[in-house]
Chemist: 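If you scroll down you'll find the structure; I have some questions about it.
First the proteins, then the strands, lettered A, B, ... as listed; each starts at 1. These numbers come from the heavy atoms of this one structure, side chains and all, not from hydrogens, waters or symmetry mates.
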Amino acid sequence: MSASNVSIVSALRQLVAYTQLEDGQSQSFRTRAYEKAIDAIVACPDEIGAYSLAELKAMDGIGDSTARKIIEFSANGSIGKVERLKAKFPPSMLDLMRIPGLGPKTVLALQKHLGVTDVDGLKTALSKEQLRTLPGLGIKSEQKIAESIELLGLHSDATRRPIYDAMQIARRVMSELGRSGDVVSMEYAGSLRRLSETIGDIDILVTSDQPKNVVAAFLALPGVTAVLGSGGTKASVVIDDSIQVDLRVVSDEAFGAALMYFTGSKGHNIILRQRSLNRGLTLNEYSLSSVETGDVLAAKTESEIYAELGLQWITPEVREGTSEIAAADDGALPAPVRVTDIRGDLHVHTSWSGDGRSSLAEMLDAVVERGLEYVAITDHAEDLAINGLSRERMKQQAEELDMHRERLPQLTILHGVELNIGADGSVDYDPDFLEMFDVGVASVHSHFDLEEGAQTERLLTALANPAVTVLGHPTGRKIGRRPGIRFDANAVFDAAAATATALEINCSLHRLDLPAAMLRKAVDVQGVMFTISTDSHRVAELENIRWGVSQARKGWVPRERVLNSLPKHEFLSQIG
DNA sequence: GCCGTTTTCGGCCCGACTGTTTTCAGTCG
């Protein structure tokens with residue numbers, strides 16, 4: 001069996017770290033090339049472990065040398081160069097490089113002058129006050145490194161936080177910081193704005209005429225447990241002992257340039273700056289300007305900067321520094337889905353099911369409030385223990401829905417159901433009973449650990465069921481808590497197209513399901529349609545539609561492939 | 001190590017903060 005993308009990326013990350021030590025710098029052209037290859041693999045929807053040399057080299061950012069290393073890893077489970085460097089630099093030196101403030105230069109100096117190659121050795125050297133004797137280091141550096149060891153956990157991959165958690169903290173920080181009268185505008189940027197599934201640190205951009213005041217207010221926020229650094233226009237802190245938050249303050253005129261810079265990704269920025277240089281321009285966090293005259297061409301909005309570079313605006317979610325800029329250049333990026341494109345929500349629970357927290361009336365009123373044209377009420381079906389509705393209850397609900405239809409004539413209310421896909425692919429009730437429903441969202445809520453072949457069969461059976469309109473949260477994953485079920489995506493997407501069953505983009509930040517890489521794969525299958533639905537269990541969750549829209553953008557899903565963006569009559573004839 | 005309507009060789013993004021260095025190197029994002 002060939003290596004998974006995850007294991008290949010992990011091996012290449014090791015290669016980067018060891019090469020940084022070999023080169024004695026973190027930004028050599030070689031390591032940057034490896035990092036570019038990693039970005040390409042992360043963004044690739046296909047498993048590349050079985051790719052041929054030619055196929056690997058055809059990928060943008062992967063050349064002959066890296067391609068051969070990938071093949072070597074896939075065949076042997078290791079890379080010769082890494083093994084060779086391990087003999088020179090003990091693996092524990094990589095732990096040292098993860099300590100904030102320690103880069104390859106300092107770690108090499110530790111080994112060369114003090115024979116220190118691991119964290120314990122470093123602690124001993126610190127206690128003997130030996131670090132201050134190293135060239136370029138002094139007493140302050142020694143203290144800083146000692147403090148950094150306490151923060152060691154913050155920079156490891158394992159401490160990336162699920163986006164849901166990070167978003168909560170970001171919103172809290174922003175609401176508190178917003179009380180400072182000096183904040184003109186504020187936006188979160190970085191991987192949060194790109195809707196990455198896990199977040200390493202939170203980036204917050206503020207525009208203000210009084211940057212020093214904003215930085216001071218930031219450092220004084222409740223929940224700040226450590227200050228990692230601060231200056232006149234930027235600062236980094238740790239919130240709740242758990243996640244790093246970076247603040248950057250610029251003038252309001254530079255908002256677009258700063259937002260772009262701070263949103264990244266790093267790879268995306270590098271390509272844009274290169275593109276700028278090719279046009280005699282330079283791009284930084286303040287502006288896009290002429291190299292020769294210094295004249296500012298654009299700074300206030302992202303759109304005008306992209307436009308000056310001859311590009312359509314690129315939605316943040318796809319700024320991964322891979323193929324998005326070339327696609328924008330060709331006008332081949334799909335027009336990003338907007339929240340206002342969504343005309344109906346097809347996955348909504350009420351207090352009729354045990355886990356719903358808002359009443360049917362409250363939900364319907366809120367849906368009208370949001371200006372939707374149609375909605376499907378999809379409470380749980382009977383096979384879900386505790387939460388599911390019996391047949392009798394479903395019939396009662398149907399009657400109650402009729403009342404609400406009279407009450408809310410402006411809204412098309414569909415009677416839906418969230419069906420449970422059993423281990424064998426069967427669903428709740430019987431075919432005759434299922435005919436009463438306008439919409440069937442079929443989801444996996446159990447048997448997450450069946451093997452891949454069985455999961456695929458299970459989903460194919462469900463897709464073939466005429467009562468199933470939508471495949472709900474198809475992988476069943478909970479980000480940071482539960483991996484998705486494994487299935488043959490090609491087979492499932494083909495079947496979705498053949499049976500005209502839509503694939504759900506579940507809006508919950510816990511789910512974001514389908515995942516972006518799978519969405520990109522599904523978009524390539526002609527005829528596959530998608531729904532963007534909130535899976536709301538309470539009124540407040542209806543606003544989660546924005547995350548699903550954002551996820552659709554991340555998956556390059558074009559507007560016209562979103563079933564619930566269709567006008568009511570078109571939508572009804574499609575699901576009819 | 002990668003890449004090419006400015007190149008198969010010679011380039012490769014940009015700036016803030018920190019500490020130790022009196023002009024800059026290292027680290028980070």
Chemist: Roughly how many Å is it from NZ in A/K57 to P in B/dC3, rounded to a whole number?
Modeler: 10 Å
Chemist: Between B/dG1 and B/dT5, how far apart are the C1' atoms? Round to whole Å, please.
Modeler: 24 Å
Chemist: Over all strands shown, is A/K69 touching base, sugar-phosphate only, or nothing at heavy-atom distances under 4.0 angstrom?
Modeler: sugar-phosphate
Chemist: Remember a base hit wins even if backbone is also touched, and classify A/K36 as base, sugar-phosphate or nothing at under 4.0 Å, heavy atoms.
Modeler: nothing
Chemist: Less than 4.0 angstrom from a charged side-chain N to a carboxylate O is my criterion; do A/K554 and A/E320 meet it?
Modeler: yes
Chemist: Applying a 4.0 Å non-hydrogen cut-off, can you work out what A/G61 is touching in the nucleic acid: base, sugar-phosphate, or nothing?
Modeler: sugar-phosphate
Chemist: Rounding to an integer number of angstrom, what distance separates B/dG26 and B/dT21 when you compare their P atoms?
Modeler: 13 Å
Chemist: Looking for any heavy atom pair under 4.0 Å, which part of the strands does A/T282 touch: base, sugar-phosphate only, or nothing?
Modeler: sugar-phosphate
Chemist: Are A/R68 and A/D64 within salt-bridge range, i.e. N to O under 4.0 Å?
Modeler: yes
Chemist: Can you figure out which of B/dG15, B/dG29, B/dG1 approaches the side chain of A/A33 most closely?
Modeler: B/dG1
Chemist: Among B/dG1, B/dT18, B/dC14, which nucleotide has an atom closest to any side-chain atom of A/L277?
Modeler: B/dC14
Chemist: Could you state the atom-to-atom distance from CD of A/Q274 to P of B/dC14 in whole Å?
Modeler: 8 Å
Chemist: Taking any heavy-atom pair under 4.0 Å as a contact, classify A/G232: base, sugar-phosphate, or nothing.
Modeler: sugar-phosphate
Chemist: Side chains of A/D513 and A/T475 only: does a donor on one sit below 3.5 Å from an acceptor on the other?
Modeler: yes
Chemist: Between A/E253 and A/K300 (salt bridge meaning N to carboxylate O under 4.0 Å), is one present in this structure?
Modeler: no
Chemist: Looking at A/K36 and A/D60, does any basic side-chain N land under 4.0 Å from a carboxylate oxygen?
Modeler: no
Chemist: Roughly how far apart, to the nearest Å, are B/dT8 and B/dC12 at atom P?
Modeler: 16 Å
Chemist: Quick one: on DNA chain B, does A/L283 or A/D64 contact a more 5' nucleotide (nearest heavy atom)?
Modeler: A/D64
Chemist: Could you check which nucleotide pairs with B/dT8 in any of the strands shown, counting Watson-Crick or G-U wobble with both distances under 3.5 Å?
Modeler: none
Chemist: From CG of A/L247 over to C1' of B/dA16, roughly how many Å is that when rounded to an integer?
Modeler: 13 Å
Chemist: Just call it for A/Y34: base, sugar-phosphate, or nothing, with non-hydrogen atoms closer than 4.0 Å on any strand.
Modeler: sugar-phosphate
Chemist: Which whole-number value in Å describes the distance from A/E285 CD to B/dC28 C1'?
Modeler: 13 Å
Chemist: Hey, is the side chain of A/S141 poking within less than 4.0 Å of OP1 or OP2 on B/dT20, counting only N and O atoms?
Modeler: yes
Chemist: Could you tell me the separation between the NZ atom of A/K234 and the P atom of B/dC28, rounded to a whole number of Å?
Modeler: 12 Å
Chemist: Can you tell whether the side chains of A/E83 and A/K86 come within less than 4.0 Å, N to carboxylate O?
Modeler: yes
Chemist: By nearest heavy atom, map A/Q25 and A/T66 onto DNA chain B; which one lands nearer the 5' end?
Modeler: A/T66
Chemist: Please state how far atom CD in A/Q27 lies from atom P in B/dG1, giving the value in whole angstrom units.
Modeler: 17 Å
Chemist: With heavy atoms under 4.0 Å as the rule, sort A/K105 into base, sugar-phosphate or nothing.
Modeler: sugar-phosphate
Chemist: Can you tell me, in whole Å, how much space there is between the C1' of B/dT22 and that of B/dC28?
Modeler: 24 Å
Chemist: With C1' as the reference atom in both, quote the distance from B/dT27 to B/dT20 in angstrom, rounded to an integer.
Modeler: 14 Å
Chemist: Please work out if A/T106 contacts a base, only the sugar-phosphate, or nothing of the nucleic acid, heavy-atom cut-off 4.0 Å.
Modeler: sugar-phosphate
Chemist: Indicate whether the side chain of A/T225 and that of A/D241 have a donor and an acceptor atom separated by less than 3.5 Å.
Modeler: yes
Chemist: Expressed as a whole number of Å, how far does the C1' atom of B/dT7 sit from that of B/dC3?
Modeler: 9 Å
Chemist: Closer than 3.5 angstrom, by distance alone: can the side chain of A/T207 be matched with the main-chain N or O of A/S185 as a donor-acceptor pair?
Modeler: yes
Chemist: Quick check for you: among B/dC12, B/dT27, B/dG29, whose closest atom lies nearest to any side-chain atom of A/P104?
Modeler: B/dT27
Chemist: Does A/Y261 put a side-chain nitrogen or oxygen below 4.0 Å from OP1 or OP2 of B/dA16?
Modeler: no
Chemist: Across the strands shown, which category fits A/I139 at heavy-atom distances under 4.0 angstrom: base, sugar-phosphate, nothing?
Modeler: sugar-phosphate
Chemist: Once you round it to whole Å, what is the distance between P of B/dC12 and CG of A/L272?
Modeler: 17 Å
Chemist: Decide, applying a 5.5 Å centre-distance limit and a 30° plane-angle limit (both strict), whether A/F29 stacks on B/dC12.
Modeler: yes
Chemist: Kindly label the base of B/dT7 as syn or anti, based on whether its glycosidic torsion lies within 90° of 0.
Modeler: syn
Chemist: Output the rounded distance in Å from CG (A/L56) to P (B/dG1).
Modeler: 16 Å
Chemist: When we call it a touch if two heavy atoms are under 4.0 Å apart, what does A/T233 touch: a base, just sugar-phosphate, or nothing?
Modeler: sugar-phosphate
Chemist: Once you apply a heavy-atom cut-off of 4.0 Å, does A/N269 come out as touching a base, just sugar-phosphate, or nothing?
Modeler: nothing
Chemist: How would you label the contact of A/Q143 with the nucleic acid (heavy atoms, under 4.0 Å): base, sugar-phosphate, or nothing?
Modeler: nothing
Chemist: Just to be sure I understand the rule, does A/S236 reach a base, reach only the sugar-phosphate, or reach nothing, if contact means heavy atoms closer than 4.0 Å?
Modeler: nothing
Chemist: Measure from the side-chain heavy atoms of A/K140 and tell me the nearest of B/dT27, B/dT20, B/dT6.
Modeler: B/dT20
